[in-house]
4 protein chains.
Amino acid sequence: MWFHVDPSDGLPIYMQIINQIKRATANGLLKAGDQLPSVREMAVQLTVNPNTISKAYQELERDGIIKTSRGIGTFVAEKEIKIVYEERTKEMMAAIDRLLVEAHHLGFSRDEVFKLLEDRIKDWKVSDK
Amino acid sequence: MWFHVDPSDGLPIYMQIINQIKRATANGLLKAGDQLPSVREMAVQLTVNPNTISKAYQELERDGIIKTSRGIGTFVAEKEIKIVYEERTKEMMAAIDRLLVEAHHLGFSRDEVFKLLEDRIKDWKVSDK
Amino acid sequence: MWFHVDPSDGLPIYMQIINQIKRATANGLLKAGDQLPSVREMAVQLTVNPNTISKAYQELERDGIIKTSRGIGTFVAEKEIKIVYEERTKEMMAAIDRLLVEAHHLGFSRDEVFKLLEDRIKDWKVSDK
Amino acid sequence: MWFHVDPSDGLPIYMQIINQIKRATANGLLKAGDQLPSVREMAVQLTVNPNTISKAYQELERDGIIKTSRGIGTFVAEKEIKIVYEERTKEMMAAIDRLLVEAHHLGFSRDEVFKLLEDRIKDWKVSDK
DNA sequence: GTGGTCTAGACCACA
DNA sequence: GTGGTCTAGACCACG
């Protein structure tokens, strides 16, 4: 499988794994019912401590993203993640505020941020498939 | 002053303080030359250990956000954009990309992000002087 | 390892440690990828509080000299010169000027400084590989 | 008088004053027997706490640079500062080492440092009077 | 009064 | 085992 991990990334390794799996399920790269590698298998592949994989899986299961059956394996769950609208918007606004603060400290005006984002979104759209 | 801290937030306390001060300098609540509460003062206000405040202040100083003088106090620094243009833009684009990725995870389309940012910038502008 | 510390030196302990590590990476005693003693280990060696070592390591990390991974350890970072040419040269010239001023205070002529540096560089070169 | 002080310099204010006076006596700008401003006078002039001036003067007197007579004033002392040769050389070598370490972290080779210093010294000589 | 350093000791996050 | 955060409390340097 196509997982990878960067130990020198600030993000804890178990988090990197969680993010990749979340993203894959969001993308459709992983569909409900798909089997995930076993903890040991993945640990070998990423040359990472099995505890680390285990922790990632546990957290994913807690969030209802995956489902593990003892002795059988680990699978992508049916359930879909739903965050309430207000929650989502709140987080999104927080993220936007973080961006604006960062922009300020980098010396960009709000209009420049707006312009840059506009351009960036256009680029992304073009490269969309 | 209007600082507050949530010990049960995942974010370390000193980080919460850093973020609040960065934000305040970014939106003009704190202006260059303004004096910040003394380490001890802020420590009692937030019922937090003085060392924790100190750590936040030191980190802010090395980022050039504030300036401290022993025996005098701590002050908001003159803003000075030192990084070269390419560097700045590169960092800004990276920040924008992080935002777009986060937006995607939260299930927002790019147009929605664009719209939200537009609104937010308008709000901030009002508080500009 | 060969670290040592003098608590009665005017310089803060964490600074002494920083200087030693910077020096060691500068003259090749520590190379990129080398593992540093763990915080606790070094703390007992130097009979110093672990927090003090931790502070030194954290400061070194933000200067890009070392790289630490939680749960793994602390390592010498790959050297990476990021600053632009003009910036670098400006800083270097400032450092040279500081040296010349200090030399003047100590009563050395410029030619003597030149001579001493020449000798010193030769010595260092020998320890190059 | 031509003293000045920069509170935002890393160096403590009292140190800045000491350095200026030391330099002036080394230069000949201040000669043995010259009277220095009173503590109060200097404090007003530099808009600095009198304690700070006082501390500088005390330290200078301890080093034999100046001599104060109660009720009369403060004067440059006759005695000349002498550091033993080995001491001076030791300090000078330490300063050179600091320069070389800094150079390394700025990405300069030893030969480049040598070259830069050579140029700098030549410049200084030309601008000497 | 200000900020800076250090200790002792606790608890957490990560691998 | 690793490093990171926080507290309580001491002492120092500076103005």
Side-chain angles (χ1 to χ4, degrees), chain A residues 5 7 10-17 43 46-56 59, chain B residues 5 7-17 35-43 46-61 66-75, chain C residues 5 7-17 35-43 46-59 61 66-75, chain D residues 5 7 10-17 39 43 46-56 59:
Chain A
V5 133
L11 224 55
I13 295 178
Y14 84 100
M15 264 298 187
Q16 297 182 33
I17 295 169
L46 301 180
T47 56
V48 144
N49 193 309
N51 291 336
T52 306
I53 311 293
S54 191
K55 176 159 189 177
E59 199 139 318
Chain B
V5 131
S8 72
D9 184 353
L11 220 56
I13 296 177
Y14 80 98
M15 267 298 184
Q16 297 182 35
I17 296 169
Q35 180 160 12
L36 289 167
S38 82
V39 168
R40 291 158 170 82
E41 195 182 331
M42 195 156 177
L46 303 181
T47 55
V48 143
N49 190 290
N51 286 334
T52 305
I53 310 292
S54 192
K55 179 166 186 175
Y57 278 13
Q58 283 177 38
E59 201 141 318
L60 283 165
E61 171 150 38
I66 66 178
K67 196 87 185 110
T68 104
S69 306
R70 280 235 209 158
I72 304 283
T74 304
F75 304 84
Chain C
V5 130
S8 71
D9 184 353
L11 221 55
I13 296 177
Y14 80 98
M15 267 298 185
Q16 297 181 35
I17 295 168
Q35 181 161 13
L36 289 167
S38 82
V39 168
R40 291 157 169 81
E41 195 182 331
M42 195 155 177
L46 303 182
T47 53
V48 143
N49 191 290
N51 286 334
T52 304
I53 311 291
S54 191
K55 178 166 186 175
Y57 278 14
Q58 283 177 37
E59 201 140 318
E61 172 149 39
I66 67 178
K67 195 86 186 113
T68 105
S69 306
R70 280 235 209 159
I72 305 283
T74 305
F75 305 84
Chain D
V5 133
L11 223 56
I13 294 178
Y14 83 101
M15 265 298 187
Q16 297 183 33
I17 295 169
V39 168
L46 301 180
T47 56
V48 144
N49 191 309
N51 291 336
T52 306
I53 311 293
S54 190
K55 177 160 188 179
E59 199 140 317

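A, B, ... follow the sequence lines: proteins, then strands. Residue 1 opens every chain.
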| task | Figure out the CD/P separation between B:Glu59 and E:dG3, and round it to whole Å. | result | 17 Å
| query | Do C:Gln35 side-chain atoms and C:Gly73 backbone N/O form a donor-acceptor pair below 3.5 Å? | reply | no
| query | Could you state the CD1-P distance from C:Ile17 to E:dT5, rounded to the nearest angstrom? | reply | 13 Å
| query | With a 4.5 Å heavy-atom cut-off, do C:Ser38 and C:Tyr57 have their side chains touching? | reply | no
| Phosphate oxygens OP1/OP2 of F:dG4: is one of them under 4.0 Å from a side-chain N or O of C:Ser54? | yes
| field | side chain to side chain contact (heavy atoms under 4.5 Å, CB included) involving C:Ser54 - partner list, sequence neighbours excluded | value | C:Val39, C:Gln58
| field | For atom CD of C:Gln35 and atom C1' of F:dG1, their distance in whole Å | value | 11 Å
| field | Separation of E:dT5 P from C:Asp9 CG (nearest whole Å) | value | 14 Å
| query | If you take all heavy atoms of A:Pro7 and C:Ser69, which pair is closest and at what distance? | reply | O-OG, 3.9 Å
| task | Could you check which nucleotide pairs with F:dG3 in any of the strands shown, counting Watson-Crick or G-U wobble with both distances under 3.5 Å? | result | E:dC12
| field | Where protein sits on nucleotides 7-15 of chain F, one letter per nucleotide: B base, S sugar-phosphate only, - none, heavy atoms under 4.0 Å | value | BBB---BBS
| field | Heavy-atom check, side chain of A:Val5 versus side chain of A:Thr52, under 4.5 Å | value | no
| message | Expressed as a whole number of angstroms, how long is the span from C:Leu46:CG to E:dC6:C1'? | response | 14 Å
| message | What is the distance, to the nearest angstrom, from the CD1 atom on A:Ile53 to the P atom on E:dA15? | response | 10 Å
| query | At under 4.0 Å, does any side-chain N or O of C:Ser38 touch on OP1 or OP2 of F:dG1? | reply | no
| task | Rounded off to whole Å, could you give me the CD-to-C1' distance for the C:Gln58 and F:dC6 pair? | result | 12 Å
| request: Decide yes or no for B:Ile17 and B:Leu46: does some side-chain heavy atom of the first lie under 4.5 Å from some side-chain heavy atom of the second? | output: yes
| query | Is the shortest heavy-atom distance from the side chain of B:Leu60 to the side chain of B:Thr74 under 4.5 Å? | reply | no
| field | Whole-Å gap separating P (F:dC6) and OH (B:Tyr57) | value | 15 Å
| said: Quick check on F:dG3: is either OP1 or OP2 less than 4.0 Å from any side-chain nitrogen or oxygen of C:Thr68? | reply: no
